[in-house]
Amino acid sequence: MILDFDVHHGNGTCEIFDTDPSVLVLDVHEESAVYLEYGSGMDDAGRGEGGGFTINVPLPRGAGHASVLKVWDDIVAPAAERFRPDLILVSAGFDAHEDDPFQLLCYRTETYGELASRLCALATRLCEGRILFCLEGGYNTEALAASVTAVCSALLRRNEAPESPLLSVKDEGGIDEPAELADQVSAVIARVRQIHGLG
């Protein structure tokens, strides 16, 4: 299984595994006409035997911490549980950070730490802890350094028993973002879940 959370669509990765049912590709990226790539839309779900094994989640500009945690709860976690991977690879781009100068997603440093913690827990549960993070983009060096540190901290804590269960966005009361944006994100999630039979 590959999870790509770089702000840009991982078109190369998706193309490589487009027809391969042995690899689940989950790509959470900014929906943007500037970076529109073939295969980046919700309906682009793989071809042939690989149909259904590519899951694209194009988030609207402005989506941030709560939005991506809702994507985790409603798409990433259930898709991974259904697929049962032998290994989790993470295309770890940090250019969706709110301080990144070029893009318009609004993740925070703690967003990346939380995603890493959840990924480690998922790997422990599903594939004996096998997980690999591959560093990708990030154009604000301070935000990049802080976010990579947050991920490394999560990796260092991966074998520790958590003091409390990981919070989900549901525990936090829903998407803590403007109502119009929250509605857009919810619509994307509902459509992706429908396409991929996730409930």
Side-chain angles (χ1 to χ4, degrees), residues 1-11 13-15 17-32 35-85 88-91 93 96 104-107 111-112 114-119 121-123 125-127 165-199:
M1 175 183 126
I2 299 171
L3 173 65
D4 186 338
F5 55 64
D6 188 275
V7 77
H8 303 104
H9 179 248
N11 55 309
T13 303
C14 289
E15 184 176 351
F17 297 106
D18 198 34
T19 59
D20 188 346
S22 70
V23 179
L24 175 66
V25 178
L26 293 130
D27 196 299
V28 183
H29 55 275
E30 178 187 322
E31 178 184 41
S32 169
Y35 294 105
L36 186 62
E37 296 284 354
Y38 168 78
S40 65
M42 289 179 277
D43 293 315
D44 297 306
R47 296 177 298 132
E49 292 183 4
F53 291 92
T54 296
I55 301 178
N56 279 300
V57 187
L59 292 175
R61 290 176 170 182
H65 183 81
S67 291
V68 77
L69 294 189
K70 184 160 176 57
V71 168
W72 174 276
D73 289 339
D74 294 349
I75 296 173
V76 176
E81 295 278 1
R82 183 174 68 184
F83 184 72
R84 312 294 294 183
I88 297 174
L89 300 177
V90 185
S91 294
L104 294 170
L105 291 183
C106 296
Y107 297 2
T111 307
Y112 294 107
E114 179 67 16
L115 287 172
S117 293
R118 292 178 183 215
L119 281 160
L122 194 68
R125 190 164 63 255
L126 298 180
C127 51
L166 291 174
L167 290 177
S168 73
V169 72
K170 295 169 187 170
D171 299 322
E172 297 169 349
I175 297 180
D176 182 21
E177 291 167 6
E180 182 179 348
L181 180 59
D183 289 345
Q184 292 175 27
V185 171
S186 294
V188 168
I189 290 171
R191 177 67 179 138
V192 171
R193 285 173 59 83
Q194 178 186 41
I195 291 168
H196 293 279
L198 293 171

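- The main-chain N or O of Leu198 is found under 3.5 Å from a side-chain atom of Arg193 such that the two form a donor-acceptor pair.
- Put simply, the side chain of Asp4 does not reach to within 4.5 Å of the side chain of His9, judged on heavy atoms.
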| Hey, mind stepping through Val57 and Val188 against side chain to side chain contact (heavy atoms under 4.5 Å, CB included) and telling me if it holds? | CA-CA 7 Å; Val57 187; Val188 168; 4.0 Å; yes
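- The distance from atom CG of Leu105 to atom CD of Glu31, rounded to the nearest 0.5 Å, is 10.5 Å.
- Looking at Phe5 and Leu115, their side chains come closer than 4.5 Å, going by heavy atoms from C-beta outward.
- Between atom CG of residue Asp74 and atom OG of residue Ser186 there is a gap of 8.0 Å, rounded to the nearest 0.5 Å.
- Arg47 CZ to Asp20 CG: the interatomic distance, rounded to the nearest 0.5 Å, is 12.0 Å.
- His29 places a side-chain heavy atom less than 4.5 Å from the side chain of Pro58.
- Heavy-atom neighbours of Glu81 CD from other residues, nucleotides or ligands within 6.0 Å: above the threshold of 12.
- Put simply, the side chain of Thr19 does not reach to within 4.5 Å of the side chain of Glu49, judged on heavy atoms.
- Checked against a 6.0 Å centroid threshold, the rings of Phe53 and Phe17 do not count as neighbours.
- Summarising the geometry of Ala63 relative to Val185, their closest heavy-atom pair is CB-CG2, 4.2 Å, with the distance given to 0.1 Å.
- Side-chain contact between Pro60 and Leu181: present, with at least one pair of heavy atoms (C-beta onward) separated by less than 4.5 Å.
- Summarising the geometry of Ile88 relative to Cys127, their closest heavy-atom pair is CG1-SG, 4.0 Å, with the distance given to 0.1 Å.
- Taking all atoms of both residues into account, the shortest heavy-atom contact from Ile189 to Lys70 is CD1-CG, 3.5 Å.
- Between Pro85 and Ala80 the shortest heavy-atom distance is CD-O, 3.5 Å.
- Taking 4.5 Å as the limit, some side-chain heavy atom of Leu59 sits within range of a side-chain heavy atom of Val28.
- Summarising the geometry of His196 relative to Met42, their closest heavy-atom pair is NE2-O, 4.5 Å, with the distance given to 0.1 Å.
- Rounding to the nearest 0.5 Å gives a distance of 4.0 Å between CG of Leu119 and CH2 of Trp72.
- Side-chain atoms of Asp44 and Thr54, non-hydrogen and from C-beta on, never get closer than 4.5 Å to each other.
- Rounded to the nearest 0.5 angstrom, Ile55 CD1 and Ile195 CD1 are separated by 9.5 Å.
- When all heavy atoms of Ser22 and Phe83 are compared, the pair lying nearest together is O-CZ, 3.4 Å.
- Between Val25 and Cys14 there is a side-chain heavy-atom pair separated by less than 4.5 Å.
- The distance from atom OG1 of Thr13 to atom CG of Leu3, rounded to the nearest 0.5 Å, is 11.0 Å.
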